[in-house]
Trainee: 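Take this structure first; my questions come after.
In this text the structure is predicted, and so the values were computed from the model without any measurement.
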Amino acid sequence: MSVNDFDLVVIGGGINGVGIAADAAGRGLKVALFEAQDLASATSSNSSKLIHGGLRYLEHYEFRLVKEALAEREVLLKMAPHIISPMRFRLPHRPHLRPAWMIRIGLFLYDHLAKRATLPGSHGLKFDGTGPLLDDITKGFEYSDAWVDDARLVTLNARLAASHGAHIHTRTPCIGAERQHGRWRVTVKDELSGEQRQVTAKALVNAAGPWVKQFFDNGLHSRSPRNIRLVKGSHIVVPRIHNEPQSYILQNEDNRIVFVIPYLDKYSLIGTTDVEYQGDPRDVAITPDEVDYLCKVVNRHFKGELTPEQVVWSYSGVRPLCDDESDSPQAITRDYTLELEDKAGALPLLSVFGGKLTTYRKLAESALGKLTPYFPRMGPAWTRNATLLGGEFSGSRAALQAKLMHDYPWLDAGWAGLIIARYGLNAWDWLGQAKAPEELGQYFHPRLWQAEVDYLMDHEWALYPEDVLWRRTKMGIELDAGQVAQLETYMAHRRNGRQQPTQALRA
């Protein structure tokens, strides 16, 4: 097998693409993944950042999906304890929307559909007016789910794939693919050099997310076996609206729900909307109507008046959902569909439609199951007991943070907590022997220094400031325009002559 010949080529660097690449590489396949922009640059970094079963999906009788997602919640909590953490959710009761008996039944199912080994169950609540909710909200419920740094989940799965030999290439769109002379021939373009090149493979995976159907139209010049519906979800970030550690899940008259989640110590993350979307997924953006909608939902529940002027950041993403002809965007299934077709029993094309962040690992396992007949020597499933890089520690994240502060006493608790939540054990890799922050190199922000940027460029495929600020670290919310400009100057200088952190393809 030549350097440009692979067992499997994966198109798409979102959570499903990197999950499939990691699983396949760990089973012994030679894998290459190509992403048109940055890892997690679309849907996978614009989620509500939850690992959850999907309580509201029970209303749409999605029992199989919820059961699978709840089981995966337990797996992922063990797989990535640094970037995934348990979180309690409070659901204020509004009797005119859903009766208490209905919510209790839903929470009972949520507690018992899958084995719950680490998270506490649900229970009722009484609010006495001293908390952040309006005085007329006196009852509610509380249950468990988990929070995740979504973009880091993608990046760490890419690193897992690379550790098993996968070739990960960002800023390398696929121009086209065709079956020719007993191989898939895939043409890709390096956006940095402008160079086009060709690789070959025995199997091709279309995990292009919002572009899965477009890849059939433009890359394969064939008809997609499924239609997709793009549903836009928008979020706003505002100064923290309450000081409790719990998140809130708010019901609304249109049957949608809105999360209010503690975010980066001093903010609240509020979302999401569910709006049908017809445009280019790269152009998706929140509208003033969506901002007003989210503010109004919050104001129907919390004391104080939240206004659009308080929004410090917003983001939008599109979910590529398999079209099940549902009447409303919120009713469209969040389940995934895997479509497989081949040519005379060889050269399979596997396409991924739909899916949830929580079920990516199970989706990847199912995808490799479908590809097994084409690779009879492929190893068995293995990711259920895998640990993502940096998560190989015993004990709590708080204990690991305490050790970090012991080793680097110049770190304050807030900064140390953020570092552990990004890197876990790998924090020591880039902090090195530094005796003070000034020994970390060039300063960009009190909590962003050259040593971390170098680490992200050398090991995590970061090439531009947005990769560092909005996906790898979430520090974009803190830096001003001047600091971003300094970071761009530094990264541009470093990009010259630099290779991505995996073996480059030969021309």
Side-chain angles (χ1 to χ4, degrees), residues 7-8 10 14-29 31 33 44 47 50-54 62-86 110-119 144-150 152-166 168 205 207 334-338 350 352 354-373 375-395 397 424-426:
D7 292 315
L8 184 68
V10 179
I15 189 60
N16 291 330
V18 297
I20 291 170
D23 197 337
R27 297 185 192 217
L29 299 188
V31 178
L33 179 146
S44 295
S47 73
L50 299 178
I51 297 296
H52 66 142
E62 297 264 20
F63 298 113
R64 191 213 66 79
L65 174 62
V66 174
K67 181 177 181 179
E68 180 176 274
L70 288 171
E72 283 300 290
R73 186 183 65 182
E74 294 288 332
V75 173
L76 296 180
L77 279 163
K78 295 177 181 177
M79 190 176 186
H82 47 328
I83 63 168
I84 301 176
S85 55
Y110 207 67
D111 283 344
H112 295 95
L113 271 175
K115 183 179 179 181
R116 181 170 41 82
T118 59
L119 299 175
S144 292
D145 264 322
W147 185 91
V148 64
D149 187 328
D150 50 6
R152 291 210 59 76
L153 184 65
V154 175
T155 300
L156 292 181
N157 270 278
R159 292 196 68 179
L160 183 64
S163 73
H164 287 277
I168 308 294
V205 170
R334 268 55 176 174
D335 212 343
Y336 57 83
T337 298
L338 302 174
L350 180 72
V352 181
K356 275 168 49 69
L357 195 70
T358 306
T359 53
Y360 86 90
R361 190 203 66 84
K362 195 68 176 177
L363 181 153
E365 202 170 73
S366 299
L368 270 294
K370 286 184 173 289
L371 292 173
T372 296
F375 299 99
R377 296 183 181 178
M378 183 170 64
W382 64 281
T383 57
R384 182 177 182 84
N385 296 313
T387 303
L388 294 184
L389 199 65
E392 313 91 337
F393 57 90
S394 58
R397 192 186 335 186
L425 281 177
N426 288 107

Trainee: Atom CE of M378 and atom CG of L8: how far apart are they, to the nearest 0.5 Å?
Mentor: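 It is 9.0 Å, given to the nearest 0.5 Å.
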Trainee: Is the number of heavy atoms from other residues, nucleotides or ligands under 6.0 Å of R64 CZ greater than 12?
Mentor: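 Check passes, neighbour count above 12.
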Trainee: Heavy atoms only: give me the nearest A114-A71 pair and the separation to one decimal.
Mentor: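 In this case the closest contact between A114 and A71 is CB-N, 3.7 Å.
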Trainee: Apply side chain to side chain contact (heavy atoms under 4.5 Å, CB included) to residues Y360 and V154 and explain how you reach the verdict.
Mentor: CA-CA 10 Å; Y360 86 90; V154 175; over 6 Å; no
Trainee: If you look at every heavy atom in A25 and A166, which pair is closest and at what distance?
Mentor: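 In terms of heavy atoms, the two residues are closest at CB-CB, 4.1 Å.
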Trainee: Could you tell me whether the side chain of Y110 and the main chain of G54 form a donor-acceptor pair under 3.5 Å?
Mentor: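 Checked: pair present.
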Trainee: Does the pair L368 and I20 meet the rule for a side chain to side chain contact (heavy atoms under 4.5 Å, CB included), with working shown?
Mentor: CA-CA 7 Å; L368 270 294; I20 291 170; 4.0 Å; yes
Trainee: Is there a donor-acceptor pair under 3.5 Å between the side chain of S44 and the backbone N or O of I15?
Mentor: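 Such a contact is found between S44 side chain and I15 backbone.
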Trainee: Start with the C-alpha gap between L119 and R73, add the side-chain angles, then the distance that decides, and say whether side chain to side chain contact (heavy atoms under 4.5 Å, CB included) holds.
Mentor: CA-CA 10 Å; L119 299 175; R73 186 183 65 182; 3.3 Å; yes
Trainee: Run D145 and I51 through side chain to side chain contact (heavy atoms under 4.5 Å, CB included) and show every step you take.
Mentor: CA-CA 7 Å; D145 264 322; I51 297 296; over 6 Å; no
Trainee: State, yes or no, whether a side-chain contact exists between L76 and V148 at a heavy-atom distance under 4.5 Å.
Mentor: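 The answer is no, as the side chains (C-beta and beyond) never meet within the 4.5 Å cut-off.
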Trainee: Provide the closest heavy-atom pair for A386 versus W382 in the form atom of the first, atom of the second, distance.
Mentor: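 Nearest pair, atom of A386 first, then W382: CB-CZ3, 3.7 Å.
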Trainee: When rounded to the nearest 0.5 angstrom, what is the spacing between CG in L29 and CZ in F375?
Mentor: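 These two atoms lie 5.5 Å from each other.
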Trainee: Please find the pair of heavy atoms, one from A367 and one from L338, that lie closest to each other, and give the distance.
Mentor: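 Smallest interatomic distance, heavy atoms only, reads N-CD1, 3.6 Å.
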Trainee: Indicate the atoms forming the closest heavy-atom contact of I168 with A161, along with that distance.
Mentor: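 Looking at all heavy atoms of both residues, the shortest contact is CD1-CB, 4.2 Å.
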Trainee: Return the CD1 to CG distance between I84 and L153, rounded to the nearest 0.5 Å.
Mentor: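 One gets 5.5 Å once the value is rounded to the nearest 0.5 Å.
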Trainee: Is the backbone of R152 close enough, under 3.5 Å, to the side chain of T155 for a donor and an acceptor to pair up by distance?
Mentor: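 Checking the backbone N and O of R152 against the side chain of T155, no donor-acceptor pair under 3.5 Å is found.
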Trainee: Between CG of L350 and NZ of K370, what distance do you get to the nearest 0.5 Å?
Mentor: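 Interatomic distance, L350 CG to K370 NZ, rounded to 0.5 Å: 7.5 Å.
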Trainee: Please check: side-chain N/O of E68 versus main-chain N/O of V66, any donor-acceptor pairing under 3.5 Å?
Mentor: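 No, because the side chain of E68 does not come within donor-acceptor range (under 3.5 Å) of the backbone of V66.
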Trainee: Is the side chain of D335 donor-acceptor paired with the backbone N or O of L65 at a distance under 3.5 Å, no angle test?
Mentor: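 No: the side chain of D335 does not pair with the backbone of L65.
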Trainee: For the pair E74 and K115, find out whether any cationic side-chain nitrogen is under 4.0 Å from an anionic carboxylate oxygen.
Mentor: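 Answer for the salt bridge query: no.
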Trainee: So, Y336 and N16: side-chain donor and acceptor under 3.5 Å apart, yes or no?
Mentor: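 There is no such pair (donor and acceptor under 3.5 Å, judged by atom type) between the side chains of Y336 and N16.
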Trainee: CZ of R116 to CG of D111: how many Å apart, nearest 0.5 Å?
Mentor: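 Those atoms lie 4.5 Å apart.
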Trainee: List in chain and number order the residues that pass salt bridge (charged side-chain N to carboxylate O under 4.0 Å, His left out) with R27, two or more places apart in sequence or in another chain; answer none if no residue qualifies.
Mentor: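 R27 satisfies salt bridge (charged side-chain N to carboxylate O under 4.0 Å, His left out) with D23 once adjacent residues are dropped.
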Trainee: So does A69 get a backbone contact from the side chain of T359, meaning a donor-acceptor N/O pair under 3.5 Å?
Mentor: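 No, because the side chain of T359 does not come within donor-acceptor range (under 3.5 Å) of the backbone of A69.
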Trainee: Would you mind telling me which of K67, R361, K78 makes a salt bridge (charged side-chain N to carboxylate O under 4.0 Å, His left out) with E72?
Mentor: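 For E72, the salt bridge (charged side-chain N to carboxylate O under 4.0 Å, His left out) check succeeds only for R361.
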Trainee: Compare every heavy atom of G19 with every heavy atom of N157, then report the nearest pair and how far apart it is.
Mentor: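 Looking at all heavy atoms of both residues, the closest pair is OD1-CA, 4.4 Å.
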Trainee: Is the closest side-chain heavy-atom distance between L389 and L160 below 4.5 Å?
Mentor: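 L389 does not reach L160 side chain to side chain.
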Trainee: Report the distance from atom NZ of K362 to atom NZ of K356, rounding to the nearest 0.5 Å.
Mentor: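 These two atoms lie 15.5 Å from each other.
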